[in-house]
Every structure is written in structure tokens, then in C-alpha cells.
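First up is the structure itself, then whatever we jot down about it.
Along the sequence shown, residues are numbered consecutively beginning with 1.
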Amino acid sequence: RLRRCSGCNPGRRRARLLRVTRRMPESRARSQENYRYRVFLTVRPPRSMVSTVESVAENERTGLTGRTLDGLYQVGARLGGGGTGIVFEGLCLKTHKAVALKTLRPHLIHHLDLGTRLRRELEVSRRVVHPGILRFLGDGTLEDGSPYLVAPLVRGVSLGRLLLRFGELPAPVVLLLASRLASVLHSAHMAGYVQRDVKPEHVLLSETDRRELRVHLLDFGVCWSATAEAEERRREAGRVFGTPSYVSPEQAAGETQIDGRADLFGLGVVMFEALTGCVPFCAPTVTKLLLRIIRDDAPPLGELVDVDARVD
């Protein structure tokens, strides 16, 4: 069945309810739960650790390809990029394992806050112990003075790509993903961090060697930190951090003193979108969207899709 939502991302306006009926495999080596979601992981775009896969100018950072950084990492092809960063495939010459190298875009290298946020990601990966947090292997400084980070190269697909392909996901799959993400967020909150930008593009799905689901939550660059300096807090005052469609009411109001409940709101929006194919709040402008998030309640799920009342 088809549904049209005029306020959603154009790639998701026509949402498709995927129904999969397959015979259980004869081998019982894999659990029924893992088999249920395996069909979705067959959608494999080019591997990437980037949080958003957006096109960047072709001539940006091309000089890094083929170079060796700090005698340890050989830079390969560019994997993708977003509004502030570019990610390259690489090879660790010491371990001979594939890595991903994250750098800032050239015109942002002198932006003080962006450099701080990139290093904050490294801090989070070292202080938050959870398999769903991508652990960075190291960092360094490029010739232009900007930092770069090194992470294992994860072969997988983002939840955002999955929703672009299927529109909606079955409730059991969504609940499984939500429980894994809630576990990641709990560990981050206990360590004094609030991610502030929970959205499908920051959820990376992959498989372990035993073909079991692995869920990573990426991009802690804009996270709130309990250890942030007073000057950093002052610069953040009144600013909205995160992607507008997924921010909590307190984020939309520009509050700086937030806690883990902001991430739980974002997780709820992600679950809503995965179940219905559209986000709960839509508006023609960002300002009106933020006002709706502050003032309005999300529509009941039961009005959009057929789900168990307990899920609603």
C-alpha cells in the first residue's frame, strides 16, 4: 500500500510497507530474531562511516588521496561527506586493516567550535564503553592545522538509507533497533554526554562475523558534555543543536541545560518515522517547525499505521 506525506523528505514521501514472507532456514545456527531483520541488511550502499551521505565539491581534499599521514595511515578514495566533514577510506600501515579517516571541510578548518567538536568525538569514543559506540583508533593534525580522526571501516548501511529504500519497517524490527539504541544512549548519558542529534542517518547497521545485527550510533560532534568549559557553554546559549525534525522541545527552545530526555525524544521521532514513513512534525519553515515541536503533541501512531496499542 502507498501513502503520501507532503511534509516528509522527498525520498520518503511515497512510503512502502514491506511485507516479507520467507521460509525459515533449515539451519538453526542463527536465531529467529536475527533472521527476521537480515532481509533489510541486504540493501548495501557503498560502505561508509559518515553520518550523512551528501555530495561535496569534487575538488575538496583531493590532494589527500594517495598520501600517508603521520607515517601510519595511507589515504585512499573519498567515501563521502556532509555539511562539515569529509571521510576517506584508508589503510593502517601498521596493522594492514582498512580504516576511515574523518576530516573537516577546507573552508571550516579555522572554525574553533568545529575543531573542538571533532575532538569531542574522540573523547566520547574513549570514555563511553559500549559496542554501539564507534571506537576511534587515533587522531592527528593535517598540514593545514586541522584535526583528523581515524576509525575502523564499518561495512554497513545507515537506517536513513534503509528508510529511503523501504519507507517503513515492521514493528518488531523497529523495536529491536530502538532497544539497541536505547542501550547506547544510556551508556553515553551515564558518562555525562547527550548526543543531541539522534536521527536515522546517524544509525549504522551492520553484521558481526556471526551474521548478527550490530547497531552503531554515530556522530557525537554536537553532543552536550558535562565537562564542557564555561566559554563553550556561553557560545552555545540560544543556539539550536541537532537536525530540526528530530530535536526535542527544550532543544528547539535553545536551552543549554539539557539531559538524556532530549535524546529519548529524538529516539521516539526515529521510531515514529521508521513505523510510519514520515516524521511527526512538519512545517514549511524551520522556525514554524520548531514552534510546532514546542507547542504540539505528536499524532497518534494508530491514526497512520496499524500497530499494537502497546507500541503506540
| said: Arg292 vs Asp297, test: salt bridge (charged side-chain N to carboxylate O under 4.0 Å, His left out). Steps then yes/no. | reply: CA-CA 8 Å; Arg292 284 205 61 190; Asp297 292 330; over 6 Å; no

| query | Who pairs with Asp70 by salt bridge (Lys or Arg N to Asp or Glu O under 4.0 Å), at least two apart in sequence or on another chain? | reply | none

| field | From Ser248 atom OG to Ile293 atom CD1, the distance as rounded to the nearest 0.5 Å | value | 8.5 Å

| Which atom names give the shortest non-hydrogen contact between Phe272 and Cys278, and what distance separates them? | CD2-O, 3.3 Å

| Is Leu291 isolated, or which residues cluster with it under the ILVMFWY side-chain rule of less than 4.5 Å, directly or via members? | none

| query | Salt bridge check: are Glu121 and Lys102 linked by an N-O gap of less than 4.0 Å? | reply | yes

| query | Out of curiosity, Ser125 OG to Asp139 CG, how far, rounded to the nearest 0.5 Å? | reply | 9.0 Å

| Val184: which of His216, His189, His130, Gln195 passes side-chain contact (heavy atoms from CB on, under 4.5 Å) | His130

| task | State plainly whether one hydrophobic cluster holds both Ile258 and Ile294, where clusters connect Ile, Leu, Val, Met, Phe, Trp and Tyr through side-chain heavy atoms under 4.5 angstrom apart. | result | no

| field | Note: Arg117-Glu123 ion pair, threshold 4.0 Å (strictly below) | value | no

| query | Nearest 0.5 Å, what's the CG-CZ distance between Leu104 and Arg61? | reply | 7.0 Å

| message | Taking Leu264 as the starting point, is it possible to reach Val269 by hopping between hydrophobic residues whose side chains are less than 4.5 Å apart? | response | no

| field | Atom pair CG (Leu290) and CZ (Phe281), whose distance is rounded to the nearest 0.5 Å | value | 11.5 Å

| With sequence neighbours excluded, residues passing salt bridge (Lys or Arg N to Asp or Glu O under 4.0 Å) with Arg135 | none

| note | For Arg295, the salt bridge (Lys or Arg N to Asp or Glu O under 4.0 Å) test, sequence neighbours excluded, returns none

| message | Nearest 0.5 Å, please: how far is CG in Leu137 from CG in Leu149? | response | 10.5 Å

| request: Using the ring of Phe241 (Phe, Tyr or Trp, six-membered ring only), decide whether Arg196 places NZ or CZ under 6.0 Å from its centre and within 45 degrees of its axis. | output: yes

| query | For the side chain of Ser158 and the backbone of Arg161, is there at least one donor-acceptor N/O pair under 3.5 Å apart? | reply | yes

| Nearest 0.5 Å, what's the CG-CG distance between Leu134 and Leu204? | 8.0 Å

| task | Hydrophobic side-chain clustering at under 4.5 Å (ILVMFWY, transitive links): who's grouped with Leu93? Put none if nobody. | result | Leu91

| What's the shortest heavy-atom distance between Ala191 and Arg127, and which atoms? | O-NH2, 3.9 Å

| said: Going by the rule salt bridge (Lys or Arg N to Asp or Glu O under 4.0 Å), which residues pair with Arg119 if we only count those two or more places apart in sequence or in a different chain? | reply: none

| task | Kindly assign one of parallel, tilted or perpendicular to the pair Tyr148 and Tyr73, based on the angle between their ring planes and the thresholds 30° and 60°. | result | perpendicular

| field | Donor on one side chain, acceptor on other, Arg214 and Ser206, under 3.5 Å | value | yes

